[in-house]
Amino acid sequence: MSSKGGTVLSRRNYRLASDTDKPKVTGIVNEKLLSDYLHHVFPASSKPGPASAAYRLVDYPRFLLVFGSMVDLLYVEYSFVGIEGCLGPSTVVLDHSSGFEGLLFVDDDLLGVIGHSNFSSIRATTCVYKGKWVYEVLISSQGLMQIGWCTLNCRFNQEEGVGDTPDSYAYDGNRVRKWNVTTTNYGKSWAAGDIVSCLIDLDEGTITFCLNGQSLGVAFSNIKTGPGVAYFPAISLSFKESVAFNFGSRPLRYPSHFYAYTYRFYVIPPTTDLIKANRLLGYLKTVLSTYIDTQEEKLVERDSGVWQIQGDPTILVTLAHIFNHFAPLMCKVYLVEDVLMNFLLSILEGGGSVEEHPLIQQLLDLFWLLMEDHEVSECLKQLMMSLLRAYRFSPIIPDLGFQIHYLRLTTAILRHEKSRKYLITFDVLRSVVFFYIKTPLRVKEAGLEELIPTTWWPTRFDKEGKDERDTREETPEERLRRRAYERGCHRLKKRIEVVEELQVQILRLMLNNKDKGTGEASRYIFLNKFRKFLQENASNRGNPTVLCPPEYMVCFIHRLITAIRSYWDEGKRKSPGSISSEDAYVPPQLFYNGKVDYFDLQRLGGLLSHLKKTLKGWDLLQPTGSFIVLFIYLSMTDLNQPKVPAQKHIQQNNRPSGAVAMGGALARPSWLSSPTLGRANRFLSTAAVSLMTPRRPLAPPEKVKVRTLAVEQRTEEDIEGSHGNDGLLLGRPFEEPDQPITEKSLLEILDGVVMMYNLSVHQQLGKMVVVSDDVHEYAVALKDTDEKIARCPSRRPDILEELQKTQKVFAEKLNHLSRRLAWINATIYSKEKMLDVYWLLQVCIRTIEHADSTGSLFTFMPEFYLNVAMNSYSALKNYFSPSNCMEELPGYEDTLAQLAAILAKHFADPRIVGTDIKDSLMQALASYVCYPQSLRAVERIPEEQRMAMMRNLLAPYEQRPWAQTNWILVRLWRGCGFGYRYTRLPHLLKTKPEDANLPSLQKPCPSLLLQRHMAELLSQDKDMAASFLNSVLNQLNWAFSEFIGMIQEIQQAAEWPERNFVDTRQLKVCATCFDLSVSLLRVLEMTITLVPEIFLDWTRPSAELLLRRLAQLLNQVLNRVTAERNLFDRVVNLRLPGLESVDHYPILVAVTGILVRILVDSDKQGAASVLLSDPCFQLRSIQYLLGEGDARAASADRKHFSLHTYTDYISTEEEQKVEQMLTFLTEESKQAAASTPTSEDDLCPICYAHSISAIFKPCSHKSCKACINQHLMNNKDCFFCKATITGVDDYTKPASS
């Protein structure tokens, strides 16, 4: 629309609708009414000239000729001609050409910056040398940054930044300090979403900072000024930290009276355009509130909120001419934010629902009708960006009024169909900011003290440091405090729910699939953008600066789940044959039919390229035979296309565009950390240009082509399908039921939600638990301090005073943290959020079950479905408690059993090839059996699956990760073994556990059912039993040998005269080897208890060999651990950090348990003869267990180990069995000593411990059975002559000899 005179309606061809029930207006109203109308809309100017003359012209054409000049009178000529005190370009931005150091991402508007190296620095392009100046910095992350001023002479590096050189000055809100070579305390801590104002007074020589409009006081005085000295705005920031500058190109957020009238902005506000825009807006408001009554021939004032675009042509023509001048102004970001956004916000100030304010819809209709497409597009884009900034950086107040205000306006704008579709196309997914509710770090400023006046925290803890939640033991005062705190939390939650409801409304508008009046429905536009959003986040895991912040993702996923489920259930009501959201799942054909792009994400069967080659040519036939689907689906266009080299194609599509400081521009999403939300960015680097390499393509072309459409090219028909076309569900497998599920677009969005959870949501849920942990730690510390105060003697007032100070600090910290925790529980860990995660867990379980039924096609499922199933269960169990209990969830036990069946079946599934996912499944199963409820769920799965799981667990330990397998078997036994009923080791009871929720610290919960299955398998399959136990013995030999070797090195380092530090990693590995040795001994104890015949029934071919190997290892362990003043003793007494679990008790009771089983509870003679015949056997080691033998007499001053001292861990019956075993071995050893061979010729020439009992064939050499049997396990050659042994016979010495 031109700003000059002429035909106003030439830019648009439109028709004015009118009420058919009333006489139509065929022309302009009469002269008097028109004159009154013009006088009313355009009040007479006080100055003579064309403006006042206009009102004497009652015919419209001559009025329109004068209107342009009347508006032009508002212009005041002004240009940026050398503002005094300022040097540099008129457009002030960050200096991306020479004024930076390190690696930086800079937005396309050159105002936002993200650090990409250790400590990067950058300054602005314009400096000041006199006067008073101010600029604002929007804090996007709360990490290490130094913001302030520097001169041109300042030289920065990766260690020194702004404030670290003589002529630079900085404020650091992360460490709450100011910097100018030296540093002192200053100001307050900042948080993400805060705004820092940087003020410099070069007349007085002072620098001041403000935080969210509040002055922090003068930071520096007597700064260097004078000729040759000028200061640039500058910042230094560490890796991943991000900010955005505002030098005045947008309205300042905090034009505080402290500096508004004395300090100048770098960019002079467009005063003339502001006056003109406000005047035109005034005209527009008058038109909207004026009604021409042609029948009564008078003007009627009415509420502008009820104005509609249908009306008198005079009004519409007047509006068209106003927009002729107003439209170009609305393309400028400053005017959109200062004029238009404030006007639209004022419309909604009256309260009520957004639907009660149709004026915004009518105004947007006017925008699209009376403005050019490029004008309305730019206007809406700038309006949305301004709303994003305003929402993100608005302060938190108790009623969340600012956030609600901006969300209501966003909702009103998105209710307009055409505007909504443009904004989604423009990339409204940068508006994930709208779904985030930031957590206040400063409780006072957020008003939480008024909202939650009474705080509470747990005050009772058990021996292991866990909270005791039994409210029956509360005192009346504690009960009142807790209830008052809960009421405050409920009030806070209700206010947050208002914001969440508005956020869900926004998403429901974006997911509308019925608005097809102006083209493709919003949902399909959103879906394509959503997939690109996931692609950017999934394909840049190694580059955190280009990822959507995880705290945004957490809020986004919850709102998206709510919106999906509401639409899903609406579809269920319209189509009763479909399934409800309670039974939602993702059909398996999405994973292999090529309709949904999973980028380069790992599948269960490996990479997609590998799967295509492996399963090429497999046909999936519908039962009806109506069509054939090849999962490698070739189109005719693909077959006819000429082959283009893949690398060339990749280079053409991934070449960086544009030029920047040291290389090419890198595209990046603009919703990320930078608050400027720009569409692209510049990557600044002082390193070599060779670092600038294009990103690896996400989906390189394969030799076997799959028919897929680019995300932007998909239409509603491609997604939902049509007659004879299943859309996303093309290629239904035989096993999948022929039943409608829901709208196919919702299935793809649900698939994206599962992917989102895997990308960053689960990790963020884990991070936020730290606040709850802090509350627990401070509560324990406060209780400990209270107890010390109660015990403090009255004669020590100095100690009492210090303790009272400590008590006050802890109480203040707990008051702060408990209020923060209330906010986090309401926004992240509420009951509703827990139900969302639980629903996601159920979706994954059902999806895995459906995919598993497809046989080999299960390999196409992305790994993240199994990851989300395991992680969501972990989150429900560990993150949402104790405020919400998982046991209260609907169908909780059935869901546990379903997940148990998945873990039991797939931890050894040959279709799964990824090492990481297999380890995750094994770890999840190991954790599952540590808790009583989940272990009972494993016992409830079908018997066939239980037996298969145990068979996989009993596979030989070689050639696979066996530690977790062994840990699972140990947990099934813990609580049944000898002295194995403890939760924590006896010597660690007085120490505080790092995390009382660890699986290893759970109370014993053995599974007798699974033990019975294990016994059945080992007793029935002799070969499996032999191979399993041989592998256990091999690993025990390795683990204990490694442990002994490591403690030797540790002891040698400790004995050196100079001070040495043992590597913590070595200590950790040493403790791990010890723990493995103990757990392997416990598995042997379980096996001997459940199936003793494996070792004691010598009719089995491997029984004697297994028993001899077991006896050998037990004797070695006993001798190493029980020797007086031995290596083990010395290392244990060092009490090194990292070796806390290394002690006599766990390993000696494990060995004792095995010995008791084979010497007391079973046939004694065979086992005793094997044990005593081992050359390493020492009776003293057995006596050591009960504190007997020579050790006590040798050093009476030292406390000796004895099972008698562990009365809380070892029962009287167990002690009696040990004494019985000692008595039996004492007698047997005396008899064995009396019957030793009289000649060395009769001893085995290999071990010299046993009599010769075997002869080899064909060479006739001899040895004892133990030596030859152990040798033949690995080698078939004779010890002596190297001939191949074909057989071994028993040998008995002839009587004549």
Side-chain angles (χ1 to χ4, degrees), residues 458 460-470 766 769 772-773 776 780 870-882 884-889 892-893 895-897 899-900 903-904 907 920-940 949 953 963-1011 1071-1072 1074-1076 1078-1079 1081-1083 1085-1086 1140-1141 1143 1145-1146 1149-1150 1208-1209:
R460 285 182 170 79
F461 311 95
D462 58 18
K463 294 180 179 179
E464 298 172 3
K466 298 182 180 179
D467 300 351
E468 291 184 347
R469 293 283 170 172
D470 191 356
V769 179
S772 177
D773 294 340
H776 174 82
V780 173
M870 294 181 285
N871 290 334
S872 57
Y873 166 72
S874 175
L876 292 169
K877 182 166 60 69
N878 299 319
Y879 299 160
F880 288 87
S881 61
N884 293 293
C885 185
M886 186 179 179
E887 288 77 7
E888 299 173 359
L889 294 171
Y892 162 72
E893 292 188 355
T895 303
L896 276 187
L899 182 58
L903 296 177
F907 83 93
S920 297
L921 286 166
M922 181 69 75
Q923 292 172 13
L925 182 60
S927 175
Y928 220 70
V929 299
C930 291
Y931 300 89
Q933 289 179 322
S934 53
L935 178 59
R936 301 301 168 248
V938 175
E939 294 177 341
R940 289 199 303 271
M949 178 189 73
L953 290 175
Q964 287 292 347
T965 300
N966 196 77
W967 168 249
I968 294 173
L969 294 175
V970 168
R971 287 300 307 188
L972 299 179
W973 177 246
R974 189 173 182 178
C976 296
F978 182 92
Y980 200 37
R981 293 171 292 277
Y982 56 82
T983 301
R984 298 188 67 205
L985 291 169
H987 69 286
L988 295 179
L989 279 181
K990 295 182 180 180
T991 62
K992 179 183 175 183
E994 294 182 1
D995 185 359
N997 293 320
L998 288 174
S1000 59
L1001 296 180
Q1002 304 309 307
K1003 294 181 180 180
C1005 51
S1007 174
L1008 300 180
L1009 176 62
L1010 297 179
Q1011 290 177 22
T1072 301
F1074 179 80
D1075 294 337
L1076 288 175
V1078 173
S1079 64
L1081 286 168
R1082 288 297 183 180
V1083 170
E1085 179 192 16
M1086 175 170 63
E1140 292 86 358
S1141 63
D1143 193 65
Y1145 180 84
V1149 292
D1208 292 337
Y1209 295 87

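Sequence positions, counted from 1, serve as the residue numbers for this chain. Keep in mind it's a predicted model, so treat the numbers as computed, not measured.
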Determine whether [X] and [Y] make a side-chain contact, defined as any pair of heavy atoms from C-beta on separated by less than 4.5 Å.
X: Met949; Y: Val938; value: yes
X: Leu889; Y: Met886; value: yes
X: Val1149; Y: Arg1082; value: yes
X: Leu969; Y: Ser1079; value: no
X: Phe1074; Y: Asp1143; value: no
X: Met922; Y: Ile968; value: yes
X: Leu1076; Y: Asn966; value: no
X: Leu925; Y: Gln964; value: no

At what distance, to the nearest 0.5 angstrom, does [atom1] of [X] lie from [atom2] of [Y]?
X: Leu876; Y: Asn884; atom1: CG; atom2: CG; result: 10.0 Å
X: Ser927; Y: Gln1002; atom1: OG; atom2: CD; result: 8.5 Å
X: Tyr879; Y: Ser772; atom1: OH; atom2: OG; result: 12.5 Å
X: Trp967; Y: Cys930; atom1: CH2; atom2: SG; result: 5.0 Å
X: Glu887; Y: Lys877; atom1: CD; atom2: NZ; result: 10.5 Å

Under the salt bridge (charged side-chain N to carboxylate O under 4.0 Å, His left out) rule, collect the residues that match up with Arg936, sequence neighbours excluded.
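Once residues adjacent in sequence are excluded, the partners of Arg936 under the salt bridge (charged side-chain N to carboxylate O under 4.0 Å, His left out) criterion are Glu939.
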
Is it the case that over 12 heavy atoms from other parts of the model lie below 6.0 angstrom from the CD atom of Glu1140?
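For Glu1140, atom CD is crowded (more than 12 foreign heavy atoms under 6.0 Å).
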
Tell me, please, which residues at least two apart from Asp1075 pass side-chain contact (heavy atoms from CB on, under 4.5 Å).
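Applying side-chain contact (heavy atoms from CB on, under 4.5 Å) to Asp1075 gives Ser1141.
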
Sequence neighbours excluded, the answer for side-chain contact (heavy atoms from CB on, under 4.5 Å) partners of Ser934 is Tyr873, Tyr928, Tyr931

Compare every heavy atom of [Y] with every heavy atom of [X], then report the nearest pair and how far apart it is.
X: Ala924; Y: Leu903; value: CB-CD2, 3.9 Å
X: Leu985; Y: Pro1146; value: CD2-CB, 3.8 Å
X: Pro932; Y: Cys1005; value: N-SG, 3.9 Å
X: Arg971; Y: Lys1003; value: NH2-O, 3.5 Å
X: Tyr1209; Y: Arg981; value: O-NH2, 3.0 Å

What verdict does the side-chain hydrogen bond (donor to acceptor under 3.5 Å, both in side chains) test give for Trp973 and Gln1011, after you've listed the backbone C-alpha separation in whole Å, the side-chain angles of each residue and the deciding distance to 0.1 Å?
CA-CA 7 Å; Trp973 177 246; Gln1011 290 177 22; over 6 Å; no

Would you please indicate yes or no on a ring centroid separation below 6.0 angstrom for Tyr980 and Tyr982?
yes

Go through it in stages, so that I can follow the logic: the residues are Glu1085 and Leu1081, the test is side-chain contact (heavy atoms from CB on, under 4.5 Å), and I'd like the CA-CA distance, side-chain angles, deciding distance and then a yes or no.
CA-CA 6 Å; Glu1085 179 192 16; Leu1081 286 168; over 6 Å; no

